[in-house]
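See structure below.
In the text below, chain A, chain B and the rest are named by the order of the sequence lines, each starting its count at 1.
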2 protein chains.
Amino acid sequence: MCFKFKGMITLTEENYIKAIYQLGKYGTVTVSTNSIADALDTKASSVTDMVKKLAEKDYLNYKPYQGTSLTPKGKKIAADVVRKHRLWEVFLVEKLNFSWDEVHEIAEQLEHIKSEKLINELDKLLDYPTHDPHGDPIPDKYGDIKKTDKILLFSLTENAKGVCVGVKDTSSAFLKYLDKHNIALGSEIKVLSREDFDDSMVIQIDGVTMSISQAVANNLFVKEKG
Amino acid sequence: MCFKFKGMITLTEENYIKAIYQLGKYGTVTVSTNSIADALDTKASSVTDMVKKLAEKDYLNYKPYQGTSLTPKGKKIAADVVRKHRLWEVFLVEKLNFSWDEVHEIAEQLEHIKSEKLINELDKLLDYPTHDPHGDPIPDKYGDIKKTDKILLFSLTENAKGVCVGVKDTSSAFLKYLDKHNIALGSEIKVLSREDFDDSMVIQIDGVTMSISQAVANNLFVKEKG
DNA sequence: ATATAAATTTAGATTAATCTAAAAATTAAT
DNA sequence: ATTAATTTTTAGATTAATCTAAATTTATAT
C-alpha cells in the first residue's frame with residue numbers, strides 16, 4: 001500500500017506547480033492567477049486558494065494581486081515532473097511504437113510516478129535523450145534545462161532557411177497534420193514567399209513546395225540557418 | 001490535461017476493487033468488511049461507505065452484514081489492474097534492472113495508468129509473460145487468470161521434492177532473505193527432515209543443504225514433483 | 001482624475017474520502 | 001436460549017479541492 005509521508009506533495013499540487021513552471025517560461029517569470037486557471041481548466045478562485053497553500057509550503061512566492069513565481073524548491077519539483085513527462089514520451093515513442101500525437105495524455109499520467117531509480121533507469125534505457133518527441137528539451141536530474149534558440153517559422157523572412165526543431169501546439173490534430181504533410185523534426189525548410197493578405201506562406205520542405213497557413217507557421221519552431 | 005468522464009473510476013475505488021479481488025481469491029468468494037479495512041489500512045466504517053457506493057455502481061454485490069463479492073464488471077476492472085501491476089513488475093525487472101524486492105511499491109503506482117494501447121504494447125515488448133517476478137500469474141487481456149496448483153513448502157512431507165514457483169509474502173525483507181540464501185523461482189527443493197519442536201525443516205535447495213523456519217516454509221510456494 | 005472594465009480575492013457551499021463514537025446486527029459461549 | 005463478544009453499520013465531523021457569487025483591488029480609457 002502506498003504510504004503517505006507528511007509533506008508529501010499531492011498530484012493536484014504537482015500539476016499546479018508544473019503549470020506555473022511552464023507558463024512562467026521554466027520558472028523565470030511571474031504568472032497571473034487567470035492564466036493558471038486557464039491552463040488547468042479551473043476557476044480563478046480555486047487557483048487563489050491553491051496558490052496560497054503552495055506559498056505556505058514554500059513552493060511559490062505569492063503577493064495578492066501581483067501574481068506568482070516559483071521558489072527554487074518549487075522549480076526543482078516542476079523540473080522533475082517535466083523531466084519525467086518528457087522521458088516517458090520518448091519511451092512511448094522509442095520502445096512502445098507510439099506516434100508523437102498519442103503520447104501526451106499518457107505522459108500526463110506517468111509524470112506523477114514517484115521513484116528516482118525508475119526515472120534514472122529509464123533515462124539510461126533511452127540512452128540519455130536531450131529532447132522529447134516534440135523537440136522540447138528534457139531537464140537533467142538536477143533540474144537544469146537547456147534552452148534552445150528556436151524561433152517560430154512565422155518569424156522567418158522570405159528566402160530564409162531553417163530546420164524544424166519543435167512544435168508549440170502539441171495537439172493531436174496539429175501533429176497529425178504535420179505527419180500528413182511529411183513535416184517532422186529535422187525537416188529542412190526554406191521560405192519561398194509570404195502573403196500579406198492572409199499571412200500564409202509558401203515554403204519548401206525537404207525539397208517539396210507547399211503553402212501553409214499562419215496557424216501552422218505560428219506553431220512550428222525552427223532554428224534558422226546561416 | 002487529464003479529462004474526466006462521467007462514471008470514470010477513481011484511484012481509490014480501483015484500490016478497493018483490487019483488494020476485494022485478491023482477498024476473495026481472484027473474485028471467487030465473498031470478503032468481509034474488516035478484512036478489506038485491514039488490507040487497505042483504513043477503518044471498517046470507511047469500507048462500508050465505499051462498498052455501498054461501489055455496489056450502487058454495479059461493481060460489487062453487497063448485503064449489509066453479509067460481506068461483499070465482485071460482479072463480473074468489478075472482476076474485469078480488478079483483473080485489469082492486477083494485469084497491469086504484474087506486467088509493470090516484469091518490465092521493471094527485465095528492462096530496468098530492478099530486483100524482485102524493489103518492484104511492488106512502484107507497480108502500485110503504475111497499475112493505475114489508463115491506456116489500453118500502453119499495456120498491450122508493454123505486453124508485446126516483454127514477449128507476453130505469463131507470470132510476474134514473484135511467480136504470480138498475469139491475467140490475460142480478457143481478465144482470465146490461470147490458477148496454478150502451487151502449494152506451500154510447509155505442506156510437503158519428508159523426502160518430497162518440488163520446484164519453487166512463487167512467494168506468498170512479497171515483502172522486501174523476505175525476498176532479500178531468499179536472495180541471500182540463493183532461493184529463487186525455479187530452484188529445486190527436497191525436504192530432508194522436519195522438526196516437530198519448532199516446525200522448522202531441513203531442505204536441500206539446488207543441492208545445498210540448509211535449515212529453514214516455519215515462517216519461511218509458510219511463505220514459499222512449490223509445485224510438487226512426482 | 002474619475003469612471004469603467006478586468007482581474008483577483010473572499011465568503012460560503014459542495015463533493016469525495018476519510019475519521020470517531022455510538023448503535024445495531026451477527027456470532028460465539030456458557 | 002440468553003448473555004457476551006465481535007463485526008458491521010450509522011450518524012456526525014473533518015479535510016482537500018473545488019465551485020458560485022459577491023466584494024475588492026488593479027488596470028484602462030476617456
query: If you draw the axis of the six-membered ring of A/Y21, does the NZ or CZ of A/K75 fall within 45° of it and under 6.0 Å from the ring centre?
result: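 The answer is no; the distance or angle limit is not met.
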
Which of these nucleotides, [options], is closest to any side-chain atom of [X]?
X	options	result
B/S45	C/dC19, D/dC19, C/dA7	C/dC19
B/K43	C/dT18, D/dT7, C/dT20	C/dT20
A/M50	D/dT18, C/dA11, D/dT10	D/dT18

task: Determine the sole option in B/R83, B/K76, B/K84 for which the side chain to side chain donor-acceptor pair (under 3.5 Å) test with B/D80 is passed.
output: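 When side chain to side chain donor-acceptor pair (under 3.5 Å) is applied between B/D80 and each of B/R83, B/K76, B/K84, only B/K76 qualifies.
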
Rounded off to whole Å, could you give me the [atom1]-to-[atom2] distance for the [X] and [N] pair?
X	N	atom1	atom2	value
A/K63	C/dT9	NZ	P	13 Å
B/D38	D/dT7	CG	C1'	12 Å
A/K52	D/dA16	NZ	P	15 Å
A/D49	C/dT14	CG	C1'	14 Å
A/D41	D/dC19	CG	C1'	13 Å
B/L11	C/dA16	CG	C1'	13 Å
A/L54	D/dT18	CG	C1'	15 Å

message: Mind checking if A/T12 touches a base, just sugar-phosphate, or nothing, with heavy atoms under 4.0 Å?
response: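 Answer is sugar-phosphate: A/T12 comes under 4.0 Å of backbone atoms only.
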
task: May I ask you to say what B/T33 touches in the nucleic acid, namely base, sugar-phosphate or nothing, with a heavy-atom cut-off under 4.0 Å?
output: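 If one applies the 4.0 Å heavy-atom cut-off, B/T33 turns out to touch the sugar-phosphate alone, with no base involved.
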
When you measure from the side-chain N and O atoms of [X] to the phosphate of [N], is any distance below 4.0 Å, counting only OP1 and OP2?
X	N	result
B/N34	D/dT8	yes
A/Y62	C/dT8	no
A/S46	D/dT18	no

field: Results of salt bridge (charged side-chain N to carboxylate O under 4.0 Å, His left out) for A/E94 - residues two or more places apart only
entry: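 A/E94 satisfies salt bridge (charged side-chain N to carboxylate O under 4.0 Å, His left out) with no residue once adjacent residues are dropped.
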
message: Against B/Y59, only a single residue in B/I9, B/I20, B/V51 fulfils side chain to side chain contact (heavy atoms under 4.5 Å, CB included); can you say which?
response: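 Of all the options given, the one that passes is B/I9.
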
- prompt: Which of these, B/D38, B/I36, B/V29, B/T68, sits in a side chain to side chain contact (heavy atoms under 4.5 Å, CB included) with B/L23?
  reply: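 One option only clears the test, and that one is B/I36.
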
Restricting to nitrogen or oxygen on both sides, can you table the protein-nucleotides 23-29 of chain C pairs closer than 3.5 Å?
residue, atom, partner, partner atom, Å
C/dA25, O4', B/Y65, OH, 3.3

CA sep, side-chain torsions, deciding dist, call: A/K114, B/E105, salt bridge (Lys or Arg N to Asp or Glu O under 4.0 Å): CA-CA 10 Å; A/K114 282 163 189 61; B/E105 281 184 39; over 6 Å; no

message: How about NZ on A/K147, more than 12 heavy atoms from neighbouring residues, nucleotides or ligands closer than 6.0 Å, or not?
response: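 Check passes, neighbour count above 12.
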
task: Apply salt bridge (Lys or Arg N to Asp or Glu O under 4.0 Å) to the pair A/E108 and A/K18, showing each step before the final yes or no.
output: CA-CA 11 Å; A/E108 288 282 298; A/K18 181 182 66 151; 2.9 Å; yes

message: Could you walk me through whether A/L153 and A/F221 satisfy the side-chain contact (heavy atoms from CB on, under 4.5 Å) test, starting with their C-alpha distance in whole Å, then the side-chain angles of each, then the deciding distance to 0.1 Å, before giving a yes or no?
response: CA-CA 6 Å; A/L153 171 53; A/F221 286 119; over 6 Å; no

Where DNA chain C forms stems, i.e. three or more consecutive Watson-Crick or G-U pairs with both distances under 3.5 Å: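 As far as DNA chain C goes, consecutive pairing (with distances under 3.5 Å) yields the stems C:1-30 with D:1-30.
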
query: Can you tell me how far the OG1 atom of A/T71 sits from the CD1 atom of A/I77, to the nearest 0.5 Å?
result: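 Nearest 0.5 Å value for the OG1-CD1 distance: 9.0 Å.
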
